[in-house]
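Everything below concerns the one structure shown next.
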Protein chains: 2
Amino acid sequence: MNAPSRKRRGSGRIKLRDVAELAGVSPMTVSRYFGQRELVAQEAQQRIAQAIEQTGYVPNVFAGGLASARGKVVGMVIPNIAGGVFGETVQGVTDTLRPHGYQLLLASSNYSSAEEEEAVRAFIGWSPAALILIGHQHTRGTEDLLDKANIPVVQTWDYKPHAKRIQVGFSHFDVGRDSAQYLYDKGYRRIVFVHTGQPEDVRAMERAQGYARAMESLGLTPSTYQAPMQAPLEAGKEALDTLRKGRWPAEAIIFANDNLAAGALLHGLRAGIAIPGDCAIMGFGDLSIADKLLPSLTTIRPPRYEMGRVAALRVLDALRTEDGEAPAEHVQRDNPMEYELIEREST
Amino acid sequence: MNAPSRKRRGSGRIKLRDVAELAGVSPMTVSRYFGQRELVAQEAQQRIAQAIEQTGYVPNVFAGGLASARGKVVGMVIPNIAGGVFGETVQGVTDTLRPHGYQLLLASSNYSSAEEEEAVRAFIGWSPAALILIGHQHTRGTEDLLDKANIPVVQTWDYKPHAKRIQVGFSHFDVGRDSAQYLYDKGYRRIVFVHTGQPEDVRAMERAQGYARAMESLGLTPSTYQAPMQAPLEAGKEALDTLRKGRWPAEAIIFANDNLAAGALLHGLRAGIAIPGDCAIMGFGDLSIADKLLPSLTTIRPPRYEMGRVAALRVLDALRTEDGEAPAEHVQRDNPMEYELIEREST
DNA sequence: CTGTTAGCGCTTTCAA
DNA sequence: TTGAAAGCGCTAACAG
């Protein structure tokens, strides 16, 4: 609008130098004021603080990131932003990271490993300080990217014996096993596991395996059923009806998730099938519906928020490791988290 | 590890120049390959594409952002990441923005205007291309920041007559009014609106006002009730019990949200209160519980995903406006979105 | 259609 | 405890 210069015009924003001039110090001192404040004299600090206040200065993240070759950024890829499953985990991460000045970059993979790789690749351009991923299931390409990136990578929502990277989660195999054992202890014998339609849900598969193993150990025959790929309400209904027919009607059903289980419960209520009398039902997830159903739903509650929080803590640990040659040496690599079996009326 | 030079050591990553050398062109041509590909000869494009493939080059976002003074970044502040209300909107935004190379920066305000201001301030440092906020309720400080930032700002999840900024949403006042009118048309007269405990939920307040206005227009006396600040399950129960007592027992209740309504429905079922026979109930949100209750819940479905999508589209429109002196001149500033009244069994 | 030049605003490095 | 110099890797602005 004024001063039509011919070279670059800059952003027009207040910059470090402006603050420095106002405070009567060099830009470098102001730079130290952020990040290494202890190296700045008290007196200088005061003048700088005032200059910042007065100008409303906000550091340019891009300049800082470029100069330091590492942005204060953490990337996170989750299977799905909507759906309410991972939201709390994201919240746990942001709550923990924010006080340390890290900004979360979020991407959703839509439960696709290929899209996850895409997202990770995009994140690499941000020189992220760390990455947080869900689960252990990645493409070869993703693994390569992660290896080359040479930054802390935390995997959450799952837990495996010999994980290659930092992990914060629980064993879905154990969840399946515990669910079966719990129902067995309650006296149920003909226990069936109902899969969701999506084979992308690797963790549901693991729960099914845990269930199967437990059944075998108990001298029972595992039996899994694949729910039709419909809305969970109909799928749950269909599963309940089918499994109660036949010569070996199910006495108890473990659903791959609470939504499916909700469909079954509702259908039971409408169709006059007594639950747990005619058939016990349990789910997984402890979604907000679980306690609002009749009967209320017995389910497994994963530590959703807590996993996010701990994942972020491990990231911070790894980054604190003084940029040293030993990346993440003192970091707790295996972080098993406790899930909870919430017993309600449906079993 | 090798070459212990004394000056900066760089990131060690492949950079634009490496690709350029390999392709036998200047860095600038490679730069144009991203972003202005039409200005690059076919032949050069091929060689560049191959060089990129071969090196696995990923552009450094910070360098680009610094040089161009505008990062390919859009900031979004939502009241709450968990909770499942805004997740779909976020998904709509990311789905729409991603193909254009924009990265979403997400922050949660915990329904606090002060925290929202904090988040906006932090975003300013990112020189975001645009910002997306929920609602019209901001602190004075936030307004100042937005004004100074001189970038497109889209407000969503609400709609007001003379909004200062681009808006994508619906009128909560209208929702309240329509809910009341709907119940009136169904024959109900003693209709009560139940507030949630949190006064931060400005939009619920607006729905209450719309309800009150409609009641007056219909010659009825509006009556609102403040649910106790407990878990929604108990709050809904308490509200239902209280409102059915007294000399003017409610014939119909509009709850501020589906969670509250679910508490009431469940209590009705357990306590043998016929719904809608003894009392009709409707909610707001069409959360995933709404159709899994007995009776299923009549509610209002906001276009959650769609609002995110359209908000992102307006952002893109505004940014397409050729960086010209007229920022966002041709952009559709008012974008009313349609909500839907989903009639189910509870009314 | 392509290249040259000069920064973007900050932090690293080195020296005091 | 502070400062000066030298880039970080890319793109805007010109000129061909």
Side-chain angles (χ1 to χ4, degrees), chain A residues 4-21 23-48 52 55 57-73 101 124-127 323, chain B residues 4-21 23-48 52 55 57-73 101 124-127 129 322-323:
Chain A
S5 58
R6 48 271 181 45
K7 272 297 167 196
R8 296 254 179 134
R9 60 205 192 293
S11 64
R13 281 225 320 262
I14 303 290
K15 40 196 174 198
L16 196 63
R17 193 171 52 195
D18 301 323
V19 176
E21 282 174 6
V25 295
S26 80
M28 200 50 235
T29 303
V30 180
S31 173
R32 286 193 184 100
Y33 176 82
F34 301 99
Q36 308 185 79
R37 190 163 306 181
E38 65 280 3
L39 297 185
V40 179
Q42 285 293 336
E43 191 196 20
Q45 285 191 32
Q46 297 229 323
R47 295 211 308 280
I48 292 169
I52 291 170
T55 53
Y57 170 69
V58 179
N60 180 325
V61 178
F62 289 95
L66 178 57
S68 66
R70 63 191 160 79
K72 291 268 273 184
V73 162
I124 296 298
W126 289 88
S127 312
D323 305 57
Chain B
S5 59
R6 49 267 180 50
K7 272 296 168 196
R8 297 254 178 133
R9 60 205 192 293
S11 64
R13 281 226 318 263
I14 303 291
K15 40 196 172 196
L16 197 64
R17 192 170 52 195
D18 301 324
V19 176
E21 280 173 8
V25 295
S26 79
M28 199 53 230
T29 303
V30 180
S31 175
R32 287 194 183 100
Y33 177 81
F34 302 99
Q36 308 186 77
R37 191 163 306 182
E38 65 281 3
L39 297 184
V40 179
Q42 285 293 335
E43 192 195 20
Q45 285 191 32
Q46 297 229 322
R47 295 212 307 280
I48 292 169
I52 291 170
T55 53
Y57 170 69
V58 179
N60 180 324
V61 177
F62 290 97
L66 179 56
S68 65
R70 62 193 161 79
K72 291 269 272 182
V73 162
I124 297 298
W126 289 87
S127 312
E322 215 50 52
D323 304 58

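Tyr33(B) places its OH atom 16 Å from the P atom of dG3(C), with the value rounded to the nearest Å. In this entry the distance linking CZ of Arg32(A) with C1' of dC10(C) reads 13 Å, nearest Å. The separation between Asn60(A) atom CG and dG7(C) atom C1' is 14 Å, rounded to whole Å. One can place CD of Gln42(A) at 16 Å from C1' of dT2(D), the figure rounded to the nearest angstrom. Rounded to a whole Å, the CG atom of Leu16(B) is 14 Å from the P atom of dT2(C). Distance CD (Gln36(B)) to P (dT2(C)): 13 Å, rounded to an integer number of Å. Between the CG atom of Leu66(A) and the C1' atom of dT12(C) there is a distance of 12 Å, given to the nearest Å. If you take CZ of Arg37(B) and C1' of dT2(C), they are 17 Å apart, rounded to a whole angstrom.
Comparing Ala63(B) and Pro27(B) along DNA chain C, the residue whose closest nucleotide (by nearest heavy atom) sits nearer the 5' end is Pro27(B). Map Ala44(B) and Phe34(A) each onto its nearest nucleotide of DNA chain C; the residue landing nearer the 5' end is Ala44(B).
Across all non-hydrogen atoms, the minimal contact from Asn60(A) to Leu66(B) is ND2-CD1, 4.3 Å. Minimum heavy-atom separation, Val40(B) to Gln45(B): O-NE2, 3.0 Å.
Taking the side chain as every heavy atom from C-beta outward, Pro27(B) and Val30(B) never approach each other to under 4.5 Å. Using a 4.5 Å heavy-atom cutoff, the side chains of Trp126(B) and Val73(A) are in contact. Residues Val25(B) and Tyr33(B) have side chains not in contact (no heavy-atom distance under 4.5 Å, counting atoms from C-beta outward).
Backbone-only engagement by Glu38(B) is indicated by non-hydrogen atom pairs under 4.0 Å involving sugar-phosphate atoms exclusively. Nucleic acid contact class of Tyr57(B) (heavy atoms, under 4.0 Å, all strands): sugar-phosphate only.
Set against dT2(D), dC1(C), dG7(C), the side chain of Ala41(B) has dC1(C) as its closest nucleotide. Taking the side chain of Lys15(A) as heavy atoms from C-beta on, and the options dC10(D), dC10(C), dG3(D), the nearest nucleotide is dC10(C).
Atom CD of Glu43(B) is surrounded by 12 or fewer heavy atoms from other residues, nucleotides or ligands within 6.0 Å.
Although no hydrogens or angles enter the test, the distance criterion places a donor-acceptor pair under 3.5 Å between the side chain of Ser68(B) and the main chain of Gly64(B).
Stem analysis of DNA chain C (at least three stacked-register Watson-Crick or G-U pairs, each with both distances under 3.5 Å) gives C:1-16 with D:1-16.
Checking the phosphate oxygens (OP1, OP2) of dT4(C), no side-chain nitrogen or oxygen of Ser26(B) falls inside 4.0 Å. The shortest distance between the side-chain N/O atoms of Ser31(B) and the OP1/OP2 oxygens of dT11(D) is below 4.0 Å. Contact between the side-chain N/O atoms of Thr29(B) and the OP1/OP2 oxygens of dG3(C) is found at a separation under 4.0 Å.
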